[in-house]
Amino acid sequence: MRYDLVIFDNDGVLVDSEPISNRLLAGYLTELGHPTSYEDSLRDYMGGAMHRVHDLVLERTGRRLPEDFDDVFHGRVFAAFERELEPVPGAVGVLEKLAADGVVYCVASSGSHERIRVGHRKAGLDRWFDDGRIFSSQDVGWGKPAPDLFLHAAGRMGVAPERCAVIEDSPLGVQAAVAAGMDVYGFTAMTPAAKLAGATRLFADMGELADLLAG
């Protein structure tokens with residue numbers, strides 16, 4: 001293994017949550033008078049922290065979202081997770097391989113700690129991630145594309161940025177990893193390869209990742 005730490009994004013990389021959350025986000029924003037399509041949500045918000053939603057809506061409309069926006073949205077998302085959420089195909093195999101080979105890994109997500117935990121429990125990934133392997137934009141206060149979250153995760157895991165590989169599926173995440181000075185593997189299952197052009201490597205099948213990291 002050429003890296004000392006593998007940092008996974010969560011949504012869309014470990015758990016197949018992006019279609020669920022972006023569908024619900026687009027619907028809720030539209031309901032509040034900010035017409036948003038599913039495609040708009042993917043383009044503008046995929047990979048970002050919740051403050052990005054608030055910031056862009058305020059910038060574009062001059063109107064603030066309701067104070068309970070995050071709570072209502074997460075309530076809808078968690079309910080949908082219970083009904084629909086599955087692990088990304090191939091994710092369990094990658095985690096099994098890394099664990100068997102003694103490779104250190106963690107997750108660094110724009111989502112809240114609660115969202116990460118709920119998703120992992122429903123998708124059956126919770127056994128792979130104890131509290132010491134979970135990092136959220138809540139920990140640093142500023143989400144992707146800023147490098148803060150990835151640098152925080154590497155620092156807490158005791159690994160230099162240049163010895164880290166980040167697994168990402170969003171343009172914001174790729175930008176953050178590059179800004180952090182880390183190699184980044186862009187997962188193109190949901191995102192067109194052209195939008196992840198800044199990645200070190202691109203791949204479309206999670207089952208290929210362990211071999212790519214070792215190669």
Side-chain angles (χ1 to χ4, degrees), residues 6-32 34 36-54 56-57 65-96 99 105-140 143-144 149 153 166-173 176 187-191 205-207 209:
V6 178
I7 304 176
F8 289 93
D9 176 43
N10 190 55
D11 294 294
V13 169
L14 294 173
V15 295
D16 195 15
S17 53
E18 293 291 10
I20 299 170
S21 58
N22 282 282
R23 181 186 77 232
L24 293 172
L25 180 58
Y28 190 26
L29 288 172
T30 300
E31 180 183 316
L32 293 172
H34 305 287
T36 305
S37 69
Y38 173 73
E39 291 74 19
D40 292 338
S41 184
L42 290 176
R43 181 193 66 224
D44 294 340
Y45 305 121
M46 181 175 166
M50 286 303 294
H51 68 74
R52 180 176 176 85
V53 182
H54 290 265
L56 282 183
V57 169
L65 292 170
E67 289 187 5
D68 64 349
F69 179 87
D70 290 11
D71 290 338
V72 172
F73 174 64
H74 283 127
R76 295 181 183 186
V77 167
F78 295 164
F81 279 3
E82 292 294 336
R83 297 189 303 269
E84 305 174 40
L85 190 64
E86 299 287 345
V88 167
V92 171
V94 171
L95 295 172
E96 288 176 340
Y105 63 88
C106 66
V107 62
S109 172
S110 294
S112 67
H113 279 279
E114 183 182 15
R115 176 178 172 135
I116 298 167
R117 278 297 188 197
V118 168
H120 283 187
R121 178 183 55 77
K122 177 58 175 67
L125 300 181
D126 47 342
R127 67 192 179 99
W128 301 103
F129 293 94
D130 56 33
D131 289 343
R133 295 179 187 263
I134 296 178
F135 304 99
S136 162
S137 61
Q138 288 180 312
D139 303 331
V140 295
K144 307 165 189 177
L149 175 57
V166 175
I167 317 305
E168 265 289 352
D169 71 329
S170 74
L172 294 176
F187 184 41
T188 61
M190 268 195 66
T191 306
D205 182 349
M206 191 58 67
L209 180 61

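Each residue takes its place number in the sequence, starting with 1.
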**From Ser137 atom OG to Met50 atom CE, the distance as rounded to the nearest 0.5 Å** = 10.0 Å

**Residue pair Asp44 / Arg52: nearest heavy atoms and the distance that separates them** = O-NE, 2.6 Å

**Request:** Would you give the length of the straight line joining atom NE2 of His54 to atom CZ of Phe69, rounded to the nearest 0.5 angstrom?
**Result:** 6.0 Å

**Message:** How close do Leu172 and Gly47 get, counting heavy atoms only, and between which atoms?
**Reply:** CD1-C, 4.1 Å

**Request:** Give, for atom CD1 of Ile116 and atom CG of Asp126, the distance between the pair rounded to the nearest 0.5 Å.
**Result:** 13.0 Å

**Asked** Heavy atoms, side chains only, cut-off 4.5 Å: are Val57 and Leu32 in contact?
**Response** no

**Fill in**
NZ (Lys144) and CE (Met46) are apart, to the nearest 0.5 Å, by 10.0 Å

**Asked** Just by distance, do the side chain of His74 and the backbone of Asp70 share a donor-acceptor pair under 3.5 Å?
**Response** yes

**Prompt:** Residues in ring pair (Phe, Tyr, Trp, His ring centres under 6.0 Å) with Phe73, at least two apart?
**Reply:** none

**Asked** Do you see a donor-acceptor pair shorter than 3.5 Å between the side chains of Thr191 and Asp169?
**Response** no

**Request:** Report the C-alpha separation of Glu39 and Asn22 in whole Å, then their side-chain angles, then the decisive distance to 0.1 Å, and conclude whether the side chain to side chain contact (heavy atoms under 4.5 Å, CB included) test is met.
**Result:** CA-CA 8 Å; Glu39 291 74 19; Asn22 282 282; over 6 Å; no

**Asked** Side-chain contact, heavy-atom cut-off 4.5 Å: Arg121 with Phe81?
**Response** no

**Prompt:** Looking only at heavy atoms, which two atoms of Ala80 and Leu24 are closest? And how far apart?
**Reply:** CB-CD1, 3.8 Å

**Request:** Would you name the heavy atoms of Lys122 and Leu85 that are closest together and state the gap between them?
**Result:** NZ-O, 3.3 Å

**Item:** Min side-chain heavy-atom separation Ile167-Asp9 under 4.5 Å
**Value:** no

**Asked** Is a donor on one side and an acceptor on the other found under 3.5 Å between the side chain of Thr36 and the backbone of Ser41?
**Response** no

**Request:** Of all the heavy-atom pairs spanning Asp130 and Arg117, show the shortest one and how long it is.
**Result:** C-NH2, 3.6 Å

**Request:** First locate atom CZ of Arg43, then atom OG of Ser170, and finally report the distance between them rounded to the nearest 0.5 Å.
**Result:** 14.5 Å

**Asked** Between His51 (side chain) and Gly143 (backbone), is there a donor-acceptor pair under 3.5 Å?
**Response** yes

**Asp139 side-chain N/O to Phe135 backbone N/O, donor-acceptor pair under 3.5 Å** = no

**Message:** So Leu95 and Phe129, do their side chains get closer than 4.5 Å, heavy atoms only?
**Reply:** yes

**Prompt:** Rounded to the nearest 0.5 Å, how far does CD1 of Ile20 lie from CZ of Phe78?
**Reply:** 12.0 Å

**Message:** Using only atom types and a distance under 3.5 Å, with no angle test, would you say the side chain of Arg133 pairs donor to acceptor with the backbone of Val107?
**Reply:** no

**Fill in**
Leu149 and Ser109 have their tightest heavy-atom pair at CD2-O, 3.4 Å

**Message:** A cation-pi test, strictly: NZ or CZ of Arg76 under 6.0 Å from the centre of the six-membered ring of Tyr28 and no more than 45 degrees from its axis. Yes or no?
**Reply:** yes

**Residue pair Leu14 / Val88, side-chain heavy-atom distance below 4.5 Å** = no

**Glu84 vs Arg23, salt bridge (Lys or Arg N to Asp or Glu O under 4.0 Å): CA-CA, chis, key distance, verdict** = CA-CA 13 Å; Glu84 305 174 40; Arg23 181 186 77 232; 3.1 Å; yes

**Item:** From CA spacing to verdict: salt bridge (Lys or Arg N to Asp or Glu O under 4.0 Å), Asp11, Arg115
**Value:** CA-CA 10 Å; Asp11 294 294; Arg115 176 178 172 135; 3.3 Å; yes

**His113: partners by ring pair (Phe, Tyr, Trp, His ring centres under 6.0 Å), with sequence neighbours left out** = none

**Prompt:** Are Phe187 and Leu209 close enough, and set up right, to give a side chain to side chain contact (heavy atoms under 4.5 Å, CB included), and what steps lead you there?
**Reply:** CA-CA 9 Å; Phe187 184 41; Leu209 180 61; over 6 Å; no

**Asked** Does Tyr45 use its side chain to pair, donor to acceptor, with the backbone of Leu25 at less than 3.5 Å?
**Response** no

